[in-house]
Amino acid sequence: MVDEPNKSSTQRIILNREPLVAGVPLKSLDGGATPVEQFFVRNHFQIPTMDGAGWNLAIDGEVENSLSLSYDDLKQMPSKELPVLLECAGNSRASVQPPIEGVLWDHSGVSSALWKGVMVREVLDRAGVKETAREVLFEGADQGKEYGSSGETRFAMSLPMDKALDDDTLLAYQINGETLTPEHGYPLRLLVPGWFGMASVKWLTRISVLDHPFQGYHQSSYYVFLDEGKDDGVLKERVSSMRVKSLITWPGRGEVLEPGVHLVRGVAWSGHGAVDRLEVTTDGGQSWQLADLGELQSPYSWRSWRYRWEALEPGHFLIRARATDVAGNVQPVRARWNFRGFANNSIHAVPVIVQSNM
Ligand SMILES: Nc1nc2c(c(=O)[nH]1)N[C@H]1C(S)=C(S)[C@@H](COP(=O)(O)O)O[C@H]1N2
Ligand SMILES: [Mo]
């Protein structure tokens, strides 16, 4: 039998230094909370300098009373804690064929943590949302130049009213029991459970209730499903809910194993409720065998899985894992291609060799 993964011995994978983009090694994912130092980071711009003491959150737009809340104001409001997984929409993009544009994520753009914060609804109730409200816009403090966009762009995303007012959509100030770190959005970030990471705006400075659909660069031109690189001006489908997905965390690609019994391990999640079925094939899809699923901490997080593989004969094998969620969504062999390779939930395949060392 194999050893348990050791979370502390693996470091983050740096994909880009400035702005910082870093991933978590597959080997250290186990269905629990990802240590803060390993939690993946995806920044579009330089991390803004934030001073918690001088910081304020503005709430304005279609509200009865505009508000300005300090860090202490927020921390004194009723709070809740939730395990929530974040996956970058570009995660697993490196395996998309034909190749596509963007940060070359392998499978390391996914992590989960226990977050603490205030419901967005709590804050909006205090401000009093008007009937004219259509969406809620969340603005970050970071800005810069984006390829394909003119001038300075601020990172901002809106949510439809129902998602913004959902009891589990949070303004988070803690991660895994610690103060939010600068990389992950200190002093305050939005947390949108079930949606890809881009919606969870970091370094929040302003929440604005809008009477019209927001059409910012990241929302309407970048995190959208494009058939080709050129935007033809027609409104595109926005990237929103995460898709059902699983990853094999052990063995790794190309690993050479002794003949015998091995515990294949992985994690699985979905933006549409928990994963309740995980199947593995090691015989080219002739048979799919049920794996054992680990405990479910939250419908917004992942669960671990294990499969006892009797690999008695030497040879080349392709291990594949397929997850199904409570809504009945199943991972496809090949996800539908789009220009930026977003939301790739194709079945993860790991080739290994079983070989006697003698
Ligand atoms: N203000 C701001 N918020 C942001 C981003 C950003 O660049 N600026 N990146 C988004 C993207 S694309 C992802 S995947 C998540 C990543 O969150 P993390 O870095 O805490 O893992 O933050 C989102 N929120
Ligand atoms: Mo992302």
Side-chain angles (χ1 to χ4, degrees), residues 12-16 18-24 29 33-50 55 57 84-94 101-115 117 137-147 149 152-159 169-176 178-207 216-219 221-225 238-243 271 301 340-344:
R12 263 194 326 217
I13 305 157
I14 306 290
L15 296 174
N16 198 63
E18 199 57 63
L20 180 66
V21 181
V24 54
L29 304 182
T34 313
V36 182
E37 324 77 65
Q38 284 199 310
F39 198 105
F40 88 92
V41 178
R42 168 51 163 135
N43 295 338
H44 282 260
F45 308 117
Q46 226 181 333
I47 297 175
T49 312
M50 306 294 283
W55 173 90
L57 178 68
V84 174
L85 169 144
L86 290 182
E87 183 187 11
C88 184
N91 192 34
S92 307
R93 171 188 277 154
E101 186 188 82
V103 173
L104 214 59
W105 285 113
D106 39 23
H107 301 290
S108 63
V110 59
S111 300
S112 188
L114 178 65
W115 307 86
L137 177 65
F138 299 86
E139 278 187 9
D142 53 330
Q143 56 175 37
K145 288 212 185 326
E146 281 281 18
Y147 171 77
S149 166
E152 291 268 303
T153 306
R154 182 178 288 278
F155 194 90
M157 286 274 167
S158 77
L159 289 179
T169 302
L170 298 184
L171 300 169
Y173 50 78
Q174 266 192 15
I175 178 170
N176 293 341
E178 296 172 33
T179 302
L180 208 57
T181 54
E183 291 169 345
H184 296 297
Y186 175 84
L188 192 72
R189 83 175 299 164
L190 180 63
L191 203 64
V192 187
W195 283 37
F196 280 107
M198 77 276 131
S200 294
V201 179
K202 302 192 275 190
W203 312 294
L204 280 176
T205 54
R206 183 170 171 224
I207 299 178
Y217 170 78
H218 295 100
Q219 181 163 326
S221 300
Y222 193 81
Y223 287 105
V224 290
F225 292 105
R238 175 180 184 190
V239 178
S240 57
S241 295
M242 289 184 293
R243 293 182 179 163
S301 192
R340 292 203 179 91
F342 286 141
N344 178 20

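One-based numbering, in listed order, for ligands and for the atoms of each. Note that the coordinates shown come from a computational prediction; the quantities given were computed from them, not determined experimentally.
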Does an N or O anywhere in R42 fall below 3.5 Å from an N or O of ligand 1? yes
Nearest-contact summary for atom 4 (C) of ligand 1 - protein heavy atom, Å: F155 CE2, 3.5 Å
Taken to the nearest 0.5 Å, the spacing of L86 CG from M242 CE works out to 7.5 Å
Can you see whether Q38 engages S111 through a side-chain donor-acceptor pair at a distance of less than 3.5 angstrom? no
Distance (rounded to the nearest 0.5 Å) between L20 CG and H44 NE2: 12.5 Å
In terms of residue, atom name and distance, what is the protein heavy atom nearest to atom 15 (C) of ligand 1? G197 O, 3.5 Å
Going by heavy atoms, is F196 under 4.0 Å from ligand 1? no
Distance filter under 4.0 Å to F39 heavy atoms, resulting ligand 1 atoms: 21 (O)
For ligand 1, which is the ligand I care about here, please tell me if F40 has any N or O atom under 3.5 Å from one of the ligand's N or O atoms. yes
In terms of residue, atom name and distance, what is the protein heavy atom nearest to atom 7 (O) of ligand 1? H44 N, 2.8 Å
Report, in ascending order of atom number, the atoms of ligand 1 lying under 4.0 Å from any heavy atom of V201. 1 (N), 3 (N), 24 (N)
Can you sort out which atoms of ligand 1 are near S200, meaning under 4.0 Å from one of its heavy atoms? 22 (O), 23 (C), 24 (N)
Rounded at 0.5 Å granularity, tell me how far OG1 in T181 sits from CD1 in I175. 6.0 Å
Measuring from N16:CG to R42:CZ, what's the distance to the nearest 0.5 Å? 8.0 Å
If we only count N/O pairs under 3.5 Å, is N43 in contact with ligand 1? no
Give yes or no for whether the N/O distance cutoff of 3.5 Å, strictly under, is met between R189 and ligand 1. yes
Closer than 3.5 angstrom, by distance alone: can the side chain of R154 be matched with the main-chain N or O of G140 as a donor-acceptor pair? yes
Angle class for the Y217/Y222 ring planes (parallel below 30°, perpendicular above 60°, tilted otherwise)? tilted
To check your reading of the model: name the closest protein heavy atom to atom 11 (C) of ligand 1, its residue, and the distance in Å. M198 CA, 3.6 Å
For Y223, take its heavy atoms, then give the atoms of ligand 1 lying under 4.0 Å from any of them. 12 (S)
Distance to 0.1 Å, residue and atom name: give those for the protein heavy atom nearest to atom 3 (N) of ligand 1. K202 N, 2.9 Å
Say you draw a straight line from CG of L204 to CE of M50; how long is it, rounded to the nearest 0.5 Å? 8.5 Å
Residue C88 vicinity, atoms of ligand 1 by number, heavy atom under 4.0 Å: 14 (S)
Any N/O of D142 closer than 3.5 Å to an N/O of ligand 1? yes
Tell me whether S200 contacts the main-chain N or O of V192 through its side chain, where contact means a donor paired with an acceptor under 3.5 Å. yes
Between the side chain of N176 and the main-chain N/O of T34, is any donor-acceptor distance below 3.5 Å? yes
